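For reference, positions follow the sequence shown, starting with 1. Quantities reported herein were computed from a predicted structural model and do not represent experimental measurements.
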Amino acid sequence: SPDPLRQALQSVQANRQEEVRATIQALNLRQLRKAMSVLRSAELIEVEASDNSLPVAMDASLKLGSLGKPGRTRAFAATLTERDALLLISNSGRSERLLETARAARERGASVLLITCDRRSPLAAQADHLLLASNRAQRIVATDPVPSLLSSALLVEVLYYLLLTEEDL
């Protein structure tokens, strides 16, 4: 009989491969091109995230910083200008703190980009550019798992790679 550990590993692998496939397939290329244009031209990019997405935001800030795009990971939205961008990362798109941050940035003229799993969320309504991460309902364990950060991290990787190439695609 098959090893239960091997079966569990294969289940995780299949789930995550489907999550990556679904995220890439669902990307709206028009939105992605606009987001890339905003990020390329931004003088400063502020990165904000809700609770469980903080590791993805830190990774995004480090990657953008390595490309010479100074970034901050605290709520400085009130100091952003029309030459800056705000990159928000929230699986649910329902963080009140991020909603306040988005409103403050928009009032200052900064572009608001959002990575989320919910296109109908209140935060999505505040975003100028929306990048959707896959939100797989399939569960690997019987209890409520912490939402996966894989799709959000993948979208940060996509943005980083495209900015790194400096090509208009």
Side-chain angles (χ1 to χ4, degrees), residues 1-39 45-67 69 71 73-74 85-99 101-102 111-165 167 169:
S1 66
D3 185 334
L5 180 57
R6 175 67 53 205
Q7 286 180 319
L9 291 172
Q10 289 173 340
S11 176
V12 170
Q13 178 184 0
N15 183 283
R16 295 304 171 231
Q17 284 174 332
E18 176 55 23
E19 191 172 336
V20 167
R21 186 202 61 74
T23 297
I24 293 296
Q25 249 187 344
L27 273 174
N28 178 316
L29 298 183
R30 186 170 168 249
Q31 279 294 316
L32 180 59
R33 283 187 177 101
K34 286 181 179 180
M36 293 305 304
S37 177
V38 166
L39 293 174
I45 302 169
E46 180 178 334
V47 182
E48 288 282 328
S50 56
D51 302 325
N52 67 335
S53 299
L54 287 172
V56 179
M58 292 178 76
D59 183 51
S61 185
L62 289 170
K63 283 181 168 60
L64 293 170
S66 76
L67 296 174
K69 294 286 184 179
T73 55
R74 293 276 188 257
L86 173 64
L87 173 60
L88 299 172
I89 304 168
S90 173
N91 280 339
S92 70
R94 301 188 189 297
S95 166
E96 278 301 318
R97 182 180 61 79
L98 293 184
L99 271 169
T101 303
S111 293
V112 178
L113 296 88
L114 173 64
I115 294 175
T116 188
C117 295
D118 187 355
R119 77 175 71 237
R120 293 175 186 86
S121 68
L123 203 47
Q126 291 293 317
D128 297 307
H129 307 286
L130 185 63
L131 298 174
L132 288 174
S134 174
N135 185 13
R136 301 231 337 120
Q138 178 183 6
R139 294 189 179 174
I140 298 173
V141 294
T143 61
D144 287 339
V146 174
S148 171
L149 300 177
L150 180 63
S151 294
S152 297
L154 174 65
L155 290 174
V156 168
E157 288 290 326
V158 165
L159 294 173
Y160 174 71
Y161 172 75
L162 294 174
L163 285 169
L164 188 63
T165 63
E167 296 175 18
L169 303 173

Enquirer: Could you name each residue pair satisfying salt bridge (charged side-chain N to carboxylate O under 4.0 Å, His left out) that touches residues 25-35, not counting sequence neighbours?
Expert: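 Every candidate salt bridge (charged side-chain N to carboxylate O under 4.0 Å, His left out) pair involving residues 25-35 fails, so no pair, neighbours aside, qualifies.
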Enquirer: Which value, rounded to the nearest 0.5 Å, describes the distance between Leu98 atom CG and Leu123 atom CG?
Expert: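 Answer for the CG-CG pair, Leu98 versus Leu123, is 5.5 Å.
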Enquirer: Counting C-beta onward and ignoring hydrogens, is there a side-chain heavy-atom pair between Glu48 and Leu86 closer than 4.5 Å?
Expert: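 Yes - at least one pair of side-chain heavy atoms lies under 4.5 Å apart.
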Enquirer: How far does CG of Leu64 sit from CD of Glu46, to the nearest 0.5 angstrom?
Expert: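 Reported to 0.5 Å precision, the distance equals 12.0 Å.
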Enquirer: So do the side chains of Thr116 and Leu132 get within less than 4.5 Å of each other, counting heavy atoms only?
Expert: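 Yes, their side chains come closer than 4.5 Å.
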Enquirer: Within a strict 4.5 Å, meaning less than it, do heavy atoms of the Ser134 and Gln25 side chains meet?
Expert: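 Sidechains of Gln25 and Ser134: no contact.
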Enquirer: Please find the pair of heavy atoms, one from Val38 and one from Ala85, that lie closest to each other, and give the distance.
Expert: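 The answer is CG1-CB, 3.8 Å.
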Enquirer: Checking Leu163 against Lys69 for the side chain to side chain contact (heavy atoms under 4.5 Å, CB included) test, could you report, in this order, the C-alpha distance in whole Å, the side-chain angles of both residues, the deciding distance, and whether it holds?
Expert: CA-CA 10 Å; Leu163 285 169; Lys69 294 286 184 179; 5.5 Å; no
Enquirer: Would you give the length of the straight line joining atom CG of Asn52 to atom CG of Leu54, rounded to the nearest 0.5 angstrom?
Expert: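 Separation between the atoms: 8.0 Å.
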Enquirer: Could you name each residue pair satisfying side-chain hydrogen bond (donor to acceptor under 3.5 Å, both in side chains) that touches residues 149-159, not counting sequence neighbours?
Expert: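 For residues 149-159: Glu19-Ser151, Thr23-Ser151, Lys63-Glu157, Asn91-Ser152.
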Enquirer: So, do Leu155 and Leu27 sit near enough that their side-chain heavy atoms are less than 4.5 Å apart?
Expert: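 Yes, side chains in contact.
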Enquirer: Counting distance only, does the side-chain N/O of Ser53 pair as donor-acceptor with the main-chain N or O of Val56 below 3.5 Å?
Expert: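 No, Ser53 side chain to Val56 backbone: no donor-acceptor pair under 3.5 Å.
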Enquirer: Any non-hydrogen side-chain atom of Leu99 less than 4.5 Å from a side-chain atom of Gln126?
Expert: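 Yes, side chains in contact.
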Enquirer: Kindly indicate whether the side chain of Leu159, heavy atoms from C-beta on, has any atom under 4.5 Å from the side chain of Leu32.
Expert: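 Sidechains of Leu32 and Leu159: in contact.
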Enquirer: Just grab all the salt bridge (charged side-chain N to carboxylate O under 4.0 Å, His left out) pairs involving residues 117-128, residues at least two apart or on different chains.
Expert: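 Qualifying pairs, neighbours excluded: Arg94-Asp118, Arg106-Asp128.
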Enquirer: Grab the two heavy atoms, one from Ala127 and one from Leu114, that are nearest each other, plus how far apart they are.
Expert: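 Of all heavy-atom pairs spanning Ala127 and Leu114, the closest is CB-CB, 3.7 Å.
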Enquirer: Quick check: do Ile24 and Leu154 have side-chain heavy atoms less than 4.5 Å from each other?
Expert: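 The answer is yes; the side chains approach within 4.5 Å.
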Enquirer: Enter the distance from Leu131:CG to Leu88:CG here, rounded to the nearest 0.5 Å.
Expert: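 Reported to 0.5 Å precision, the distance equals 11.5 Å.
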Enquirer: Could you give the distance from CD (Gln10) to CD (Gln7), rounded to the nearest 0.5 Å?
Expert: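 That separation rounds to 7.5 Å.
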Enquirer: How many angstroms lie between atom CE of Met36 and atom CG of Leu162, to the nearest 0.5 angstrom?
Expert: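 The CE atom of Met36 sits 4.5 Å away from the CG atom of Leu162.
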